[in-house]
Amino acid sequence: MNLNYLDFEQPIAELQQKIEELRFATTGSGVNLTEEISRLEGKSRQLTEQVFAKLTPWQVAQVARHPQRPYALDYIKALFTEWDELHGDRHFADDPSIVGGVARLEGRAVVVLGQQKGRDAKERVYRNFGMPKPEGYRKALRLMKLAEKFNLPLLTFIDTPGAYPGIGAEERNQSEAIARNLLELSKLRTPVLATVIGEGGSGGALAIGVADHIMMLQYSIYSVISPEGCASILFKDAARAPEAAEAMRITASDLYEHKLIDEIVPEPLGGAHRDAAGAMNLVRQKLTANLERLRHTPMTQLMSARYERLMAYGAYETVH
Amino acid sequence: MTESMSWLDKVAGSKLLTAGARKRNVPEGLWTKCASCQSVLYRAELERTLEVCPKCGDHRPISARARLKHFLDADHCEEIGANIGPKDPLKFKDSRKYVDRIKEAQSDTDEKDALIVMRGRLMGMPLVASAFEFSFMGGSMGSVVGEKFVRGVNACLEYGVPYVCFSASGGARMQESLFSLLQMAKTSAALAKLAERGLPFVSVLTHPTMGGVSASFAQLGDIQIAEPKALIGFAGPRVIEQTVRQKLPEGFQRAEFLLEKGAIDMIVDRRDMRERLFRLLAMLTHFAPAEAKPGDAKAQAD
């Protein structure tokens, strides 16, 4: 089994390996296998299209959590110039699971926030697997206020399994840190653009996700609780996560259909991790276009539209 | 709840229900046993003490209506959003259908959903108060809870009165998935409007207040009050224990712990809630009882 591929991608992995072997055989041997290689490449593409055309919600969740998927800092470094990371909540600590700072997008200064997972074992521990603590949310709040004060648009990249469930996090009032951000973002007087790039894990994601425009990458997920958490509560069995993923409607297309997000950013064939540069380009186009639109929206209109959108959330009925 | 049911409850049975008591909403039987000190307690007395054990002070669960009925003055009460009921936008089904869970909760509690909101008076002071019905799907917050909470805030804005919320909730309602997550943002945003108008919000955290309710409006009070020993937190103790793989400290996430850590202003006994909240709100809103006004004005003019 090829560990760079998810279980449902194994047929693709096998074809790719064959292609690699043929390429290797071609090098320096004088044998021309170009035709065979391009035939197999076509077949691989076709197979990938087939597999990705009918991903189950649980498979989408696995793509969203793929260890090679581009993370917030990958987007930040690729899309922005003059990135200066700003650290700390000024009270307790700097939380590396939320990164934030100032940078330029197509020459325009903005404030950027993102949840950052780690790439290797060491970085994963350093980043706490992308699970922020209260000081992370309070750093985020400080930078939101900075954006408002200096009239800079705020761009957030969401990618977290959720806020960290730890002893210290509770002692420092994780609840309040999240709640405060929800309240402050709802009235932050600057355009806010949120993009779910991987995992949108519950309140921990929402705490940087109240925005004027909310986008999700095609294979990202966003949910009130992780599929495993939902399954362990409702089915008393975390192994039934695939069913929970299905029931909770966690994919971008489901949430778009229910008008809970504004836009889906398409991903390259096989997901963002198969063509990071391609994914970056697609995100860049959407960010730039939406930022341009939001920048030209009068502030009062922006604020009332954001509030009305928040108040419209919900599905209930009036009974007599 | 089930564990605290004594043989007395079982023997007395449901046929001995006191007149006017709501179905299953209040513990049944004439006698019951305190889960904390094991004292045998007379039901009628517990109703007088607002479900607080007269022997040891243990705060037992109380229904939303019983709480609001006691908290607000008997006259001038008007329910807000009484006609809003839940929907099943996702056709959610786990081991059971969400619609079936709703029906069962509704028939068990006689409520449409987990939050009750009332406009009324507290010792003459006009205000809006809401309370969670924990026995309705663990007081979980879905679209109805969010909408009713906001309508409560809107009534405060309309009448220029303070808001009080008694929370008791396991968190967001999974069966409404992202719809329920977004209620956290909706309710918190509404409180921003209340703050803008200079109207106070007092959040009373009762046992238990967890997850999405704790991580939104319940932690945004101008004054944060908790009932004794209430469990309050973002993540549940079991989840934390599994994550950090160590035993949690004694009293972790209890009201007394939160007071020590600076998360709440005070712990108030349920039986003192009316007086204490009136006193606090009267100061915050410069409220003077109507009959005292002429004299005060005269005294000031002099």
Side-chain angles (χ1 to χ4, degrees), chain A residues 162-167 169-187 200 202-207 209-210 222-225 229-231 233-236 240 243-244 247-250 254-255 258 260-261 306-307 310-320, chain B residues 83-90 92-95 112-113 142-144 146-147 150 172-174 176-186 188-193 195-196 211-212 214-220 232-236 239-240 243-244 246 248-249 252-253 257-258 261-263:
Chain A
Y164 185 58
I167 294 173
E170 294 288 327
E171 286 176 340
R172 298 189 293 281
N173 210 350
Q174 184 74 283
S175 291
E176 192 271 348
I178 293 170
R180 189 66 52 193
N181 285 8
L182 301 179
L183 186 148
E184 294 293 341
L185 273 175
S186 78
K187 64 183 181 95
S202 195
L206 188 63
V210 177
Y222 197 0
S223 63
V224 68
I225 184 171
C230 178
I233 296 171
L234 292 181
F235 299 114
K236 315 266 176 253
R240 289 175 72 182
E243 289 166 70
M248 286 200 296
R249 317 273 166 180
I250 60 175
D254 273 330
L255 297 172
H258 284 100
L260 297 175
I261 60 161
R306 192 186 305 161
Y307 191 73
L310 286 164
M311 292 307 119
Y313 284 143
Y316 54 87
E317 58 186 13
T318 311
V319 284
H320 297 287
Chain B
N83 59 345
I84 308 172
K87 239 165 104 170
D88 176 19
L90 305 174
F92 192 96
K93 185 173 175 282
D94 47 82
S95 53
K112 291 198 186 71
D113 210 300
S143 300
V144 174
E147 177 65 18
V150 166
R173 187 172 297 169
M174 277 177 287
E176 290 185 30
S177 193
L178 210 69
F179 280 97
S180 53
L181 181 74
L182 294 171
Q183 302 310 308
M184 293 169 64
K186 177 174 174 171
S188 303
L191 287 179
K193 294 281 177 201
E196 229 168 75
S214 174
S216 60
F217 60 84
Q219 287 285 357
L220 293 172
I232 301 153
F234 175 68
V239 173
I240 298 173
T243 307
V244 301
Q246 64 184 90
L248 302 177
F252 183 65
Q253 291 184 317
F257 175 89
L258 268 77
K261 297 291 172 193

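For clarity, every value in this text was computed on a predicted model and none was experimentally measured. Chain letters run A, B, ... following the sequence lines, proteins first and then strands; every chain starts at 1. Just the heavy atoms: all of them, side chains too, but no hydrogens, waters or symmetry mates, feed the values below.
Of the two parts of A:I225, only the side chain, counted from C-beta on, holds a non-hydrogen atom closer than 4.5 Å to a non-hydrogen atom of chain B. Using a 4.5 Å cut-off between heavy atoms, B:K93 touches chain A through its backbone atoms (N, CA, C, O) alone. For chain A, the nearby part of B:P86 is the backbone; its heavy atoms alone come within less than 4.5 Å. Contact annotation for A:A163: both backbone and side-chain heavy atoms come within less than 4.5 Å of a heavy atom of chain B. Interface residue A:F235: only side-chain heavy atoms are found under 4.5 Å from chain B. For chain A, the nearby parts of B:F179 are the backbone and the side chain; heavy atoms of each come within less than 4.5 Å. Both the backbone and the side chain of A:Y222 come within less than 4.5 Å of a heavy atom in chain B. Interface residue A:I167: backbone and side-chain heavy atoms are both found under 4.5 Å from chain B. Using a 4.5 Å cut-off between heavy atoms, A:L185 does not touch chain B at all. Only the side chain of A:V210 comes within contact range of chain B, with heavy atoms under 4.5 Å apart.
Between atom CG of residue B:D94 and atom CE of residue A:M248 there is a gap of 11.0 Å, rounded to the nearest 0.5 Å. Note: A:S202 OG to B:M174 CE = 10.5 Å, rounded to the nearest 0.5 Å. The CG atom of A:L183 lies 13.0 Å from the CD atom of B:Q219; values are rounded to the nearest 0.5 Å. The line from CD1 of A:I178 to CE of B:M184 is 6.0 Å long, rounded to the nearest 0.5 Å. With rounding to the nearest 0.5 Å, the separation of CD in B:Q253 from CD in A:E171 is 10.0 Å. To the nearest 0.5 Å, atom CZ of residue A:R240 and atom OG of residue B:S95 are 7.5 Å apart.
Minimum heavy-atom separation, A:L310 to B:A185: CD2-CB, 3.6 Å. Considering every non-hydrogen atom in both B:A263 and A:N173, the closest pair reads CB-ND2, 3.4 Å. The nearest pair of heavy atoms linking B:S180 to A:V224 is OG-CG2, 3.8 Å. Counting all heavy atoms, side chain and backbone alike, A:E170 lies closest to B:A235 at OE2-N, 2.8 Å. Summarising the geometry of B:S143 relative to A:A315, their closest heavy-atom pair is OG-N, 2.9 Å, with the distance given to 0.1 Å. In plain terms, the two heavy atoms of A:S175 and B:S214 that are nearest each other are OG-OG, 2.5 Å.
Of the listed residues B:V144, B:I84, B:L220, the one with more heavy-atom pairs under 4.5 angstrom with chain A than any other is B:L220. Counting heavy-atom pairs closer than 4.5 Å to chain B, the top residue among A:R306, A:R180, A:E243, A:R172 is A:R180. Interface check for chain A: of the options B:L182, B:V150, B:T243, B:D113, the most heavy-atom pairs under 4.5 Å are formed by B:L182. With respect to chain B, the highest number of heavy-atom pairs below 4.5 Å among A:G314, A:P165, A:A207 belongs to A:P165. Ranking B:G146, B:A195, B:S188, B:A215 against chain A, the residue ahead of the rest is B:A215, based on heavy-atom pairs under 4.5 Å. The residue among A:L206, A:L255, A:I250, A:D254 with the most heavy atom pairs within less than 4.5 Å of chain B is A:L206. No other option in B:P249, B:G142, B:A190 has as many heavy-atom pairs under 4.5 Å with chain A as B:A190. The candidate with the highest count of non-hydrogen atom pairs below 4.5 Å against chain B, out of A:A177, A:S186, A:A312, is A:S186. Each of B:P89, B:G85, B:G262, B:A218 has some count of heavy-atom pairs under 4.5 Å with chain A, and the biggest count is that of B:G85.
A side-chain donor-acceptor contact under 3.5 Å links A:R249 to the backbone of B:L90.
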Checking side-chain contact (heavy atoms from CB on, under 4.5 Å) for the pair A:Y313/B:L181: CA distance, chi angles, key distance, verdict? CA-CA 10 Å; A:Y313 284 143; B:L181 181 74; over 6 Å; no

